[in-house]
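Here is the structure we will look at, set down as structure tokens.
Note that the structure is a prediction, hence the values are computed from the model and not measured. Positions are given from 1 along the sequence.
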Amino acid sequence: MSRRKESGVLLENRRAHFEYFLSDFMTAGLVLTGTEIKSLRQRNATISEAFIMIQHGEVYVTNMHIAPYKEGNIFNVDHLRDRKLLLTKREIKKLAEHIKLDGHTCVPTKVFLHHGYAKMEIAIAKGKQLHDKRQSIKEKDLRREFDKNAKTSRDFEE
């Protein structure tokens with residue numbers, strides 16, 4: 001069976017962009033069972049509460065919810081289990097160094113398919129303060145207002 005060339009984003013963690021300053025994005029493979037990948041393809045999962053942790057030199061995503069596959073029967077696994085991420089030793093070392101810094105953590109930002117394999121984009125995150133969040137909201141409102149004005153000015157030109 002050949003691998004399909006699909007690369008659609010299945011899940012996105014928009015909350016992470018609001019809660020944290022994100023940097024150093026990496027792509028990691030996800031170790032999933034058959035029923036988990038089927039459920040993931042149906043977009044029956046969430047990563048908004050998930051985070052990345054390192055144990056014994058291996059990287060795991062914790063608190064990622066993948067709903068049980070409806071036709072999975074006895075092959076379904078625990079929906080909140082820790083799932084292993086596939087990274088090189090160099091990437092794991094870099095990740096561990098960043099996580100040791102005060103106020104830094106690692107969060108998933110996207111889950112997507114690449115040639116039939118489930119991949120996760122992860123990022124180093126530093127928590128935002130309340131005034132930073134207000135600034136983000138203000139910038140988003142200004143960007144929306146600017147886009148709205150640009151659209152109406154284009155409509156008048158036509």
Side-chain angles (χ1 to χ4, degrees), residues 1-70 72 76-101 103-130 132-144 146-147:
M1 183 171 123
S2 66
R3 296 285 174 193
R4 289 178 277 179
K5 291 189 177 183
E6 51 187 312
S7 60
V9 175
L10 299 176
L11 304 170
E12 193 166 1
N13 190 356
R14 292 185 296 217
R15 183 173 168 218
H17 293 280
F18 180 71
E19 297 282 332
Y20 304 103
F21 293 112
L22 300 175
S23 64
D24 295 333
F25 291 87
M26 293 182 212
T27 301
L30 264 169
V31 177
L32 299 173
T33 63
T35 56
E36 285 178 321
I37 191 72
K38 289 177 182 181
S39 187
L40 190 64
R41 286 176 191 268
Q42 292 179 345
R43 291 175 169 76
N44 290 337
T46 59
I47 57 172
S48 59
E49 297 290 325
F51 61 95
I52 309 298
M53 64 181 190
I54 301 174
Q55 290 180 340
H56 309 295
E58 295 182 342
V59 182
Y60 294 92
V61 61
T62 303
N63 232 9
M64 177 181 176
H65 178 268
I66 298 180
Y69 185 58
K70 191 170 66 174
N76 282 325
V77 293
D78 181 27
H79 58 96
L80 282 177
R81 73 179 184 93
D82 295 345
R83 292 167 179 91
K84 188 175 179 180
L85 295 179
L86 303 173
L87 292 168
T88 63
K89 287 183 182 180
R90 187 177 355 162
E91 290 172 329
I92 293 171
K93 185 178 178 185
K94 180 181 175 183
L95 200 61
E97 289 173 0
H98 282 293
I99 290 177
K100 286 180 185 174
L101 298 175
H104 286 80
T105 187
C106 186
V107 294
T109 56
K110 289 180 189 172
V111 175
F112 58 95
L113 293 177
H114 182 73
H115 296 288
Y117 294 105
K119 304 283 185 175
M120 179 179 280
E121 182 183 75
I122 59 175
I124 304 296
K126 182 170 179 15
K128 287 185 180 180
Q129 301 292 323
L130 181 61
D132 294 326
K133 292 178 187 176
R134 288 180 183 156
Q135 184 66 27
S136 295
I137 293 171
K138 192 183 300 183
E139 289 171 3
K140 189 169 80 173
D141 288 344
L142 287 173
R143 195 175 314 120
R144 186 181 305 129
F146 177 76
D147 291 343

key: Closest approach of Ile99 to Cys106 (non-hydrogen atoms, all atoms of both residues)   = CD1-CB, 3.9 Å
ask   = What's the spacing between Lys119 NZ and Leu30 CG if we round to 0.5 Å?
value = 9.0 Å
request  = Quick one: closest heavy-atom pair of Thr109 and Ala123, and the distance?
outcome  = CG2-CB, 4.0 Å
task = Can you spot which of Leu22, Thr27, Asn13, Leu95 makes a side-chain contact (heavy atoms from CB on, under 4.5 Å) with Ile122?
result = Leu95
key: Reported OG1-to-CD distance for the pair Thr105 and Glu19, which is rounded to 0.5 angstrom   = 12.5 Å
request  = Determine, for Arg144 against Asp147, whether the closest basic-nitrogen to carboxylate-oxygen distance falls under 4.0 angstrom.
outcome  = no
ask   = Taking all non-hydrogen atoms of both residues, which atom of Arg81 and which atom of Leu32 are closest, and how far apart?
value = NH2-CA, 4.2 Å
ask   = How far does CE of Met120 sit from CZ of Phe112, to the nearest 0.5 angstrom?
value = 10.0 Å
ask   = Taking side chain as C-beta onward, heavy atoms only, is Ile137 less than 4.5 Å from Phe18?
value = yes
query = Got a second to check how far Lys94's NZ is from Glu91's CD, nearest 0.5 Å?
reply = 8.0 Å
query = Under 4.5 Å between any side-chain heavy atoms of Met64 and Val111, yes or no?
reply = yes
task = Tell me, with the steps shown, if Lys70 and Gln42 meet side-chain contact (heavy atoms from CB on, under 4.5 Å).
result = CA-CA 11 Å; Lys70 191 170 66 174; Gln42 292 179 345; 5.8 Å; no
query = Considering only heavy atoms from C-beta outward, does the side chain of His65 approach that of Glu49 to under 4.5 Å?
reply = no
ask   = Shortest non-hydrogen contact from Gly57 to Ile92?
value = O-CD1, 3.6 Å
inquiry  = Using 0.5 Å steps for rounding, measure from the CG atom of Leu11 to the CG atom of Asn44.
reply    = 9.5 Å
request  = Identify the heavy atoms of Phe51 and Asn63 that sit nearest to each other, and give their distance.
outcome  = CE2-CB, 4.4 Å
query = What distance do Met26 atom CE and Ile124 atom CD1 have between them, rounded to the nearest 0.5 Å?
reply = 5.0 Å
note = Residues Pro108 and Val61: closest non-hydrogen pair is CG-CG2, 4.5 Å
query = Should we say atom OH of Tyr20 is surrounded by more than 12 heavy atoms from elsewhere, each under 6.0 Å from it?
reply = no
